[in-house]
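Have a look at the structure below, then the notes.
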Amino acid sequence: MRYTIENLRDGDQERAHQIAAQSFGGNRPFDPSALLPSLDRTIAAYDGQALAGRLKIVDSAQWFGGRSVSMGGVSGVIVAPEYRRRGIAQRLLDASLQRMHEMGTAISTLYATTATLYRSRGYEFAGTTSIAVLDAGDADMGGSPNAELIGWDDPRVRALYNRVAQSRNGWLDRTDYTWASAWQGFEKLPEPRALYGIVRADNIVAVAGYSCTSPSIAPSFDAHFDMHTRFLFAQDGAGLADALTLLALHGPTAGVIEFVYPTDELRLSIRQGQRITEKERPAWMTRLIDAKAAIAARGFTADVTAEVHLDVIDPQLPHNHGPRVLQIQNGTGVLETGGRGDVSVDVGDLASLYTGYSDAGMLRAAGRLAGAETGDVEALRRAFSGSAPHLVDFF
Ligand SMILES: CC(C)(COP(=O)(O)OP(=O)(O)OC[C@H]1O[C@@H](n2cnc3c(N)ncnc32)[C@H](O)[C@@H]1OP(=O)(O)O)[C@@H](O)C(=O)NCCC(=O)NCCS
C-alpha cells in the first residue's frame, strides 16, 4: 500500500497548516504556539516523506440526559489536493475510529462538509448549531442589567457554563482543551471584544461575550457596526433577559446582533420573537464508537420504561454489530448482546436517535428501521425523548 497511516510526525505541523489553508481558505500565518491536539490525536497519511492528509481528534464530552458522554470531536479533516480521490480521507477516518475506540471514547461528533464521506463510516446527522440574527434594539427586555466586565479566566465563567450546559442535550462538557478552543474562537472575533457577567446577589447568573464590528469607517447616521456573540449562557430566563438587554443597549448605534445560541429559545425569550432570522443551522454528525458504553453513559428520563430488540448494523466496528436488547428504566439504559433483533438499525441512525435528533417515526417513514412495529417506534421515542440536541461550539 503506497500510503502509510500514522500519527502526525513532529515537525509537520506547518505543512499541515498549509494544507488546511488550501482546504478551508484563510491567510493566517503558521503560529507554532497555536492550540493543537497532541500528535497521538493527529492521524496523518504519508506518501513516503510527504504529508498527504490528516485529521485531528479533540478529546471532549457532550451532555445527554444530564450526563456527560465522552466524545471525540473529529476536526480539520484535510487531504492535499494532489492526493484527493484516492480513498485517503476514508482511511484516516477508519484509523480515527480505531483510535477513539482504544481511547475508550463512547461517541464521536463532527461538522461535515460532505456527508457521504462520514455516512460511509457510520456517522449520521445528530444535532444542529443555530446562527441567528436580530436587530440589536429588538433584544431589549427592559430594565437596567447589573453587568460587570470580567476576565475570560474568571472561574465563575466556567462554573456557570458547567451548570448550564449539563441540562442541555449536546452542549459540550468542556475539557481544558475545548475551553481553550472556545476562547480562541472568541479571540478570533474582531476588536473591540468584551465579556460581561450579569450579577445577582454576588453571583454571576449570565455571561455575554461579544464583539462590536465596524463594517466601515465612513461617518454615517446609519448603524455603525454589527455585533457577534460567542459566549452567551444564563442560569435562568431572567439572566438571559438581562444579558440580551445588555446587548440591546447598543441599539442606538448597532445594526444586528448575531447569536450562536438555540434560535427557538431566543424566539421564546424575545418580545418580538418573530423578528429573529435564522441565518444558518448547520447540522453536526455523530457516530457511536462504543454503542454499549454510549447507552450506559447518557441519562434518560426518569419515569420512562422501554425495551426494544435491535439488530445493529455496523460494518466498521464489529463490537457494535449484531442483535442487541435496549432497555431503559429508572433513568438508566443498557444495551446487551442478544435478543430477537426485531428492528434493523444502521449504527448511524442509532446515533441520530441516541442524541434525540431523529424521531423514530420519521426514520421508519424514510424506510430506515426495517421490522419496526408501532410499539417499537413508540418505545424508541420514549427512550430518547428530551430537548433538541444543540451545540454552541465549533471544532
Ligand atoms: C473532503 C476531503 C477530505 C476528501 O478527501 P479524499 O481523500 O479525496 O476523499 P476520499 O477519496 O477518501 O473519498 C471518500 C468520500 O468522500 C466524499 N468526497 C470526496 N471528495 C469529495 C468532493 N469533492 N465532494 C463531495 N464529496 C467528496 C465521497 O463520498 C467519497 O466517497 P466516494 O468516492 O465513494 O463517493 C478532501 O476533499 C478535502 O480535504 N477537502 C477540503 C477540506 C474538507 O472539506 N474537509 C472535510 C471537513 S469535514
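We're numbering straight along the sequence, starting at 1. These figures come from a predicted structure and were not determined experimentally.
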* Which distance, rounded to the nearest 0.5 Å, do you find between the OG of Ser211 and the CD of Glu258? -> 9.5 Å
* To do: State the CG-CG distance between Asp349 and Leu380, to the nearest 0.5 angstrom.
  => 11.0 Å
If we ignore angles and hydrogens, is there a donor and acceptor under 3.5 Å between the side chains of [X] and [Y]?
X	Y	result
Thr42	Arg9	no
Gln329	Gln327	no
Arg99	Asn7	yes
Tyr177	Asp59	no
Ser181	Thr178	no
Tyr3	Arg86	yes
Thr129	His390	no

* To do: Kindly confirm or rule out a cation-pi arrangement of Arg230 over Tyr210, judged by NZ or CZ under 6.0 Å from the six-membered ring centre and within 45° of its axis?
  => no
* Asked: Within 45 degrees of the axis of the six-membered ring of Tyr354 and under 6.0 Å from its centre: does Arg298 put its NZ or CZ there?
  -> yes
* Asked: Hey, are Arg368 and Asp346 close enough for a salt bridge, meaning a charged N less than 4.0 Å from a carboxylate O?
  -> no
* Is any NZ, NE, NH1 or NH2 atom of the basic residue among Glu307 and Arg382 found under 4.0 Å from an Asp or Glu carboxylate oxygen of the other? -> no
* Residue Gln49 excluded, over 12 heavy atoms near CD under 6.0 Å -> no
* Glu373, CD: over 12 other non-hydrogen atoms inside 6.0 angstrom -> no
* Could you walk me through whether Glu336 and Lys292 pass salt bridge (Lys or Arg N to Asp or Glu O under 4.0 Å), step by step? => CA-CA 7 Å; Glu336 289 297 350; Lys292 182 183 167 113; 3.2 Å; yes
* Identify the heavy atoms of Val392 and Trp171 that sit nearest to each other, and give their distance. => CG1-CZ2, 3.7 Å
* To do: Any chance you could lay out the side chain to side chain contact (heavy atoms under 4.5 Å, CB included) test for Asp342 and Asp311, step after step, and finish with the verdict?
  => CA-CA 7 Å; Asp342 299 337; Asp311 188 13; over 6 Å; no
